[in-house]
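Heads up, the thing below is written out as structure tokens.
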Amino acid sequence: MAIEEQGGLKGSGTSKVEPATGKLGVMVVGLGAVSTTLIAGVEAVRRGLAKPIGSLTQMGTIRLGKRTDNTSPKIKDFVPLADLNDVVFTGWDIFEDNVYQAASHAKVLEKDLVEQLKPYLETIKPLPAVFDQYYVKRLTGTNVKKGKNKRDLAEQVRADIRAFKKTVDRVVVIWAASTEIFIKQTAVHQSIEAFEAGLENNDIAIAPSQIYAYAALTEGVPFANGAPNLTVDFPAMVELSKKHAAPICGRDFKTGQTFMKTVLAPAFKARMLGVSGWFSTNILGNRDGEVLDDPESFKTKEESKLGSLDYIFQPDLYPDLYKNLYHKIRINYYPPRGDDKEAWDNIDIFGWLGYPMQIKVNFLCRDSILAAPIALDLVLFMDLAKRTPSLRSIGVQEWLSFYLKSPQTAEGLYPEHDLFIQSMKLKNTLRHIMGAGLITHLGLEYYD
Ligand SMILES: NC(=O)c1ccc[n+]([C@@H]2O[C@H](COP(=O)([O-])OP(=O)(O)OC[C@H]3O[C@@H](n4cnc5c(N)ncnc54)[C@H](O)[C@@H]3O)[C@@H](O)[C@H]2O)c1
């Protein structure tokens, strides 16, 4: 079917999206720098103290119809999203600090703002976590659940979710806890039965993040993975997600360096410019940096960061341009900078007749300031997916790749990393579920 810019193809997922009535409960795994910046930030926005910059759900618009129609409502007015005033937070952590203490420790937000929000932040106290130091070597904590096996721990998380559900109308779980060690899929990940047997036998390939995900999905609750761990991207979780109509997405918030990479690399490829080398290094001094200083956690992050260029450049299709690309990534723990990460990229490109050129990118970013709005959008969109008949039972929400470094896809499908393709995919998904015309940017109708 011909699809025109004005939206000749109507969205077919028009069975009605349920309204966002009542309270949305957000359960955050890990109340560290990202989560406390998210929670304090949402409260600051609710009180009119700051603007939700960086959040597409709060600030973004979506064009409907032709360019000449001048119709671009706010996304939150076009799709039924939970209102920030209806969002209620809770979470788990291995430390007993409440969110005020954890935010003070993280030192992302200015002291003045955190003090102003203190009475609210103090009320959010972490539930005991599922934790095992084998999976995050650099941490030890005392606020940890005890159980006779992993099945028992999963049941305790399910009980936490059920108890919270009684106080709100809907629940979403998001992993914003530390990066676990690199784990490969094994037989235990291949089906629900194998996974449940693995929980019973304390299978070593089942990390705590997988236990939370299992608990959430079994309770019919969507689960988003903001870290690079193997958590929901294996067959047993996809099966569970479909079975319980509980959407999943992952992995790893796309915030700083990879965000820039997935903007620049598509530009080089669009212009058929070659790339011979891409060296990326970072200094980072927060707890995340400390955890990533452990080689096993770094390996998980490295794998997640490496994938994007290969997929964008398609070296098999363009051997002359990208076959010999040398791609290297380093993360160095450097305490003086705290959450203010500095990233450098040196990119060796080549143009006409093979003549070399260089590009340097120096991004002085704030890690959690970039991550918090992504976490917010993910929970609001995952809640929307759960209320959308054509999305809730499909498992992986690939349309949320926009937010993720290493996007999960249907089996056998390569991920789209190009930020602008991801953005188009996201907006067309919203148009589709609301029955509006899709936009392809063909635009020939203006020249009839
Ligand atoms: N900030 C970013 O830009 C960014 C980008 C992509 C991914 N991430 C990922 O997000 C995650 C959070 O980052 P952060 O900077 O907030 O880290 P952080 O170290 O400040 O916070 C993580 C928290 O998780 C807790 N935790 C660890 N294991 C847990 C478990 N099993 N159950 C409950 N809590 C647990 C820790 O105690 C800590 O409080 C990390 O995995 C990081 O790699 C962050």
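In this text the structure is predicted, and so the values were computed from the model without any measurement. All ligand and atom numbering here is 1-based and tracks the order in the structure.
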Open item on the list: As a check for students: among Tyr135, Phe253, Tyr403, Trp92, identify the option with a heavy atom nearest to atom 6 (C) of ligand 1.
Closed with: Phe253
Open item on the list: I'd like to know whether ligand 1 has Tyr212 as a neighbour, heavy-atom separation below 4.0 Å.
Closed with: yes
TODO: Consider ligand 1: state whether an atom of it lies below 4.0 angstrom from any non-hydrogen atom of Lys405.
DONE: yes
TODO: Within a distance under 4.0 Å of any heavy atom of Ala33, pick out the atoms of ligand 1 and give their elements.
DONE: 15 (O), 16 (O), 18 (P), 20 (O), 21 (O)
Open item on the list: Looking at ligand 1, would Ala176 count as a contact under a 4.0 Å heavy-atom criterion?
Closed with: yes
Task: Contacts of Arg46 that satisfy side chain to side chain donor-acceptor pair (under 3.5 Å) - sequence neighbours left out - done: Glu43, Tyr120
Open item on the list: With a sphere of 6.0 Å drawn around CZ of Arg366, does it hold more than 12 non-hydrogen atoms of other residues, nucleotides or ligands?
Closed with: no
Task: Residue and atom name of the nearest protein heavy atom (relative to atom 19 (O) of ligand 1), distance in Å to one decimal - done: Arg287 CB, 3.3 Å
- [ ] In plain terms, say whether Glu219 and Lys165 are close enough for a salt bridge, that is, a side-chain N and a carboxylate O under 4.0 Å apart.
- [x] yes
- [ ] Run the salt-bridge test on Asp345 and Lys360 with the 4.0 Å N-O cut-off and return the result as yes or no.
- [x] no
Task: Selected option - heavy-atom contact closest to atom 43 (O) of ligand 1, from Thr179, Asn229, Leu31 - done: Thr179
Open item on the list: Using a 6.0 Å distance limit plus a 45 degree cone around the ring axis, check whether Lys328 lies over the aromatic ring of Phe279.
Closed with: no
TODO: Give the ring-plane orientation class for Tyr311 versus His417, where under 30° counts as parallel, over 60° as perpendicular and anything between as tilted.
DONE: parallel
Open item on the list: Please list the nearest protein heavy atom to atom 40 (C) of ligand 1 with its residue and the distance rounded to 0.1 Å.
Closed with: Ala177 O, 3.3 Å
TODO: Considering only NZ, NE, NH1 and NH2 on the basic side and carboxylate oxygens on the acidic side, decide whether Asp294 and Lys137 come within less than 4.0 Å.
DONE: no
Task: Side chain, backbone, both or neither: the part of Val130 lying under 4.0 Å from ligand 1 by heavy atom - done: backbone
- [ ] Mark up the atoms of ligand 1 that fall under 4.0 Å of a heavy atom belonging to Thr255, in ascending order.
- [x] 2 (C), 3 (O), 5 (C)
Task: Any Gly141 heavy atom less than 4.0 Å to ligand 1 - done: no
Task: Any Asp252 heavy atom less than 4.0 Å to ligand 1 - done: yes
Open item on the list: Tell me whether Asp93 has any N or O atom under 3.5 angstrom from an N or O of ligand 1.
Closed with: yes
Task: Test ring pair (Phe, Tyr, Trp, His ring centres under 6.0 Å) applied to Phe195 - qualifying residues, sequence neighbours left out - done: Tyr214, Phe234
Task: Under-4.0 Å salt bridge between Lys23 and Asp169 - done: no
- [ ] Take every heavy atom of Ile94, measure it against each atom of ligand 1, and state whether any distance is under 4.0 Å.
- [x] yes
